[in-house]
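The block underneath contains the structure these notes are about, expressed in structure tokens.
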Amino acid sequence: MRRVVITGLGAVTPLGIGVRRTWSRLLDGHCGVVSIKDKSPRFASLPSQIAGLVPEGKEHGAWNPKNWLSPGDERRMATFAQYAMVASEEALNDAEWHPKKAEELQATGVYMGSGIGSLDDVYDITIAFEKGGYRKVSPLFVPRLLINLAAGHVSMRYGFKGPNHAATTACTTGAHSIGDAARLIMFGDADVMIAGGAESCIHPLAIAGFARARSLATDWNDRPQLASRPFDKDRAGFVIGEGAGVVVLEELEHAKSRGARIYAEIKGYGLSSDAYHMTAPREDGEGPYLAMKHALRHAGIEPSAVDYINAHATSTTLGDAAENRAINNLLLGEHGKENASQINVSSTKGAIGHLLGAAGSVEAIFTVLALYSNTLPPTLNLDTPGNPPEDFKCNYIAKTPQQCQVNVALSNSFGFGGTNASLCFSKYR
Ligand SMILES: *[C@@H]1O[C@H](CO)[C@@H](O)[C@H](O)[C@H]1NC(C)=O
Ligand SMILES: *[C@@H]1O[C@H](CO)[C@@H](O)[C@H](O)[C@H]1NC(C)=O
């Protein structure tokens with residue numbers, strides 16, 4: 001089997017533009033969740049008025065599309081695709097992969113998904129069409145709308161002629177993109193894949209929809225930075241976020257032959273389904289249990305060897321509890337650890353909220369950096385693990401990062417529809 005390593009990272013997140021900026025602010029305990037109630041009267045009328053927004057502005061590390069995109073590209077690309085483009089550029093520069101030869105371009109592909117795509121465009125054009133008819137429909141409507149156009153734009157900018165694909169599996173999108181892209185390399189369809197997820201749907205209609213599904217935190221509108229509190233006993237819903245995470249995946253010999261820096265190896269990828277409910281998890285956490293188990297089986301790694309898990313934990317009462325149960329069932333089972341306090345697990349959603357289709361790829365980047373720098377990123381806002389407290393006995397890396405040798409790590413992602421995935425990374429040796 002061909003081995004696949006990670007050689008480049010790129011991100012746009014509520015903690016800022018760029019992986020290094022995001023990572024250092026994450027470790028320093030910053031939170032990217034802000035109030036959005038003054039952004040439009042519509043937001044102020046909704047039960048949840050907070051979001052993990054990519055910071056905009058002229059300052060260093062803030063989002064200003066003019067810094068990256070021509071006016072034409074800005075018009076052609078919806079915001080989620082713009083984030084994907086900027087994160088891809090960072091990842092490619094980080095990997096120093098700038099192919100020019102035909103065979104190299106043909107061996108490089110793009111796998112970039114989104115959960116929702118451009119709700120703004122659907123909404124605005126629907127209203128324009130209703131009021132003004134055919135002539136009000138922009139010729140760019142369809143290309144801005146289609147989710148696979150993020151991958152399309154990246155391939156067009158760089159001339160990558162390998163596989164071009166997009167997953168859309170709700171909040172598992174980013175993890176599926178990376179896992180599927182790695183398999184394309186393993187199978188020989190490509191030597192290099194630019195893979196990840198992007199999301200930008202902080203629109204009143206999206207928030208209204210998630211609030212109606214009773215998924216969002218609604219009690220923290222005046223204290224946005226405390227709202228996303230994975231594993232905490234007072235957690236009560238997720239905080240919607242936006243951004244993009246992109247990795248450069250590369251076949252091992254290909255990376256070695258060009259002297260590329262190797263962050264980590266992708267050792268395993270597990271997929272499963274709850275087969276249970278549209279939005280609610282099974283209480284016993286069977287879905288995530290199977291996803292993690294398959295990822296470790298594929299990697300050939302025992303549960304006892306897992307040093308860190310970046311949990312999906314979105315700060316919902318049921319979801320965090322089910323995932324916590326799944327982690328305990330797997331890691332304390334046969335070939336597992338002796339007690340729960342030896343399980344190191346955190347959810348970085350405390351700091352950035354839930355980036356939906358981008359969550360899995362941004363969190364995969366955090367997991368890779370945990371391996372690369374032997375640093376466990378913290379779970380922000382975790383005061384008291386629960387409930388009940390006796391079920392929450394792991395080391396959740398509350399509030400501040402912890403240092404330890406990290407050789408093997410998992411990154412979990414679960415989505416509406418009951419789809420569960422887990423990625424297993426290891427230090428490259
Ligand atoms: C968990 O993290 C702590 C550092 O906080 C470390 O001492 C311990 O070895 C880690 N456990 C595992 C299994 O890696
Ligand atoms: C598996 O994915 C489903 C999809 O919504 C999600 O609801 C569930 O949380 C995941 N399973 C668990 C128990 O976390």
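As the structure lists them, so they are numbered: ligands from 1, and atoms in each ligand from 1. One-based numbering along the sequence shown.
Below 4.0 Å from some heavy atom of Lys337 lie the following atoms of ligand 1, by number and element: 13 (C). Taking a cut-off of under 4.0 Å to the non-hydrogen atoms of Gln403, the atoms of ligand 1 that pass are 4 (C). Taking every non-hydrogen atom of Asn344 and a distance limit under 4.0 Å, the qualifying atoms of ligand 1 come out as 1 (C), 2 (O), 3 (C), 8 (C), 10 (C), 11 (N), 12 (C), 14 (O). In the vicinity of Gln402, heavy-atom distances shorter than 4.0 Å reach the ligand 1 atoms 4 (C), 5 (O).
Salt bridge Glu253/Arg2: absent, no basic N to carboxylate O contact under 4.0 Å. The pair Asp189-Arg183 does not count as a salt bridge, with every side-chain nitrogen at least 4.0 angstrom from each carboxylate oxygen. Ion pairing between Glu96 and Arg258 fails under the 4.0 Å rule for side-chain N and carboxylate O.
Of all protein heavy atoms, the one closest to atom 9 (O) of ligand 1 is Cys404 CB, 4.4 Å.
Among Val408, Leu331, Asp307, the residue whose heavy atom lies nearest to atom 14 (O) of ligand 1 is Asp307.
Separating the NE2 atom in His298 from the CD1 atom in Ile266 is a distance of 8.5 Å, to the nearest 0.5 Å.
For the residue pair Ser347 / Tyr396, no side-chain donor-acceptor distance below 3.5 Å is found, with atom types taken as modelled.
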